[in-house]
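Values below: every heavy atom of this structure, side chains too, minus hydrogens, waters and symmetry copies. Throughout, a chain's letter reflects where its sequence line sits, starting with A, and its residues are numbered from 1.
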There are 2 protein chains.
Amino acid sequence: MTIDHDGALPVYKQLANLLRGQIERGELRPNRPIPAESRLMQIHEVGRDTVRKAIAILREEGLVIAIQGRGTFVKPKDEAE
Amino acid sequence: MTIDHDGALPVYKQLANLLRGQIERGELRPNRPIPAESRLMQIHEVGRDTVRKAIAILREEGLVIAIQGRGTFVKPKDEAE
DNA sequence: TGGGATTTGTTCGTATGTATC
DNA sequence: TGATACATACGAACAAATCCC
């Protein structure tokens, strides 16, 4: 799964969809951290702004929680709100 | 030599150039530590992010080596690669 | 043995500027 | 005008390694 930098959908939305899929498939596991912003920047060759916008979507959806100094973690399903 | 916070060149590149000059002139000597990040922040009135970006450049150039818990040291010339 | 101080390493939080579309 | 995207810059918090008493 890759990012289409010239696609119709904005890159940050593509990245949010990609990460959501990894969470739903269990590739990113509950209570475990997702790759750091810096890693996601490297992996997907996007800027930090784009990474943070993508993660912001997942936060609004209640899928992840970001903790300063620690990382961003996948919420367990039963904690969804 | 000072940092121009409103210059055309990014602050972290200016700082890298400044430190490189001090190394080349021997003001920062081989096998000796350069000032700690916290000191460089005070001296040049910049944030840690900027200091670390500047040092990252010097590391990539093989001019210094950073050791966690110890400091950042000027490499001897004959160890240059 | 332990604890505190120092230093680099890592991570998220926030803001600004620039460029493009 | 606004949304998208990247780069720069500073803050804050935590972690890990080292050093010293």
*Rounded to the nearest Å, what distance is computed from the CZ atom of residue A:Arg48 to the C1' atom of nucleotide D:dT4?*
17 Å

Considering only nitrogen or oxygen atoms on both sides, find all protein atoms under 3.5 Å from nucleotides 17-20 of chain D and state each distance.
{"unit_1": "D:dC19", "atom_1": "OP1", "unit_2": "B:Arg70", "atom_2": "NE", "d": "3.3"}

*For atom CG of B:Leu9 and atom C1' of D:dA9, their distance in whole Å*: 14 Å

*Mind calculating the distance between CG (B:Asp6) and P (D:dA9) to the nearest angstrom?*
10 Å

_Tell me the interatomic distance from B:Asp4, atom CG, to D:dT8, atom P, rounded to whole angstroms._
16 Å

_Separation of B:Leu15 CG from B:His44 NE2 (nearest 0.5 Å)_ = 5.0 Å

*Nearest-Å distance for atom pair NZ/P, residues B:Lys53 and D:dA9*: 7 Å

*asked:* With a 4.0 Å cutoff (strictly under), does any side-chain N or O of A:Tyr12 reach OP1 or OP2 of D:dA5?
replied: no

*Could you tell me the separation between the CD atom of A:Gln42 and the C1' atom of D:dC6, rounded to a whole number of Å?*
16 Å

*State the CG-CD1 distance between A:Leu9 and A:Ile3, to the nearest 0.5 angstrom.*
9.5 Å

*Length of the line joining A:Glu37:CD and D:dA12:C1', which is rounded to integer Å*: 14 Å

*Sub-4.5 Å side-chain heavy-atom contact between B:Val74 and B:Arg32*: no

*Contact class for B:Arg39 vs. all strands (heavy atom < 4.0 Å): base, sugar-phosphate, or nothing?*
nothing

*Group every Ile, Leu, Val, Met, Phe, Trp and Tyr by side-chain heavy-atom contacts under 4.5 Å, then state whether B:Ile34 and B:Tyr12 land in the same group.*
no

_Atom CZ of A:Arg70 with >12 non-hydrogen neighbours under 6.0 angstrom_ = no

*Between OG1 on residue B:Thr50 and CD1 on residue B:Ile55, distance to nearest 0.5 Å*: 11.0 Å

_Contact check, side chains of B:Ile57 and B:Lys53, non-hydrogen atoms, under 4.5 Å_ = no

Donor-acceptor contacts, no H, no angles, side chain residues 35-42 of chain B, under 3.5 Å, sequence neighbours left out:
{"unit_1": "B:Glu37", "atom_1": "OE1", "unit_2": "B:Arg48", "atom_2": "NE", "d": "2.7"}
{"unit_1": "B:Glu37", "atom_1": "OE1", "unit_2": "B:Arg48", "atom_2": "NH2", "d": "3.0"}
{"unit_1": "B:Glu37", "atom_1": "OE2", "unit_2": "B:Arg52", "atom_2": "NH1", "d": "2.6"}
{"unit_1": "B:Arg39", "atom_1": "NH1", "unit_2": "B:Gln42", "atom_2": "OE1", "d": "2.7"}

*Calculate, to the nearest 0.5 Å, the distance between atoms OG1 and CG belonging to A:Thr72 and A:Leu58 respectively.*
9.5 Å

*Rounded distance (Å) that lies between atom C1' of D:dT8 and atom CD1 of B:Ile57*: 12 Å

*Along DNA chain C, 5' to 3', what are the outermost nucleotides having an atom less than 4.0 Å from a heavy atom of chain B?*
C:dT7 to C:dT10

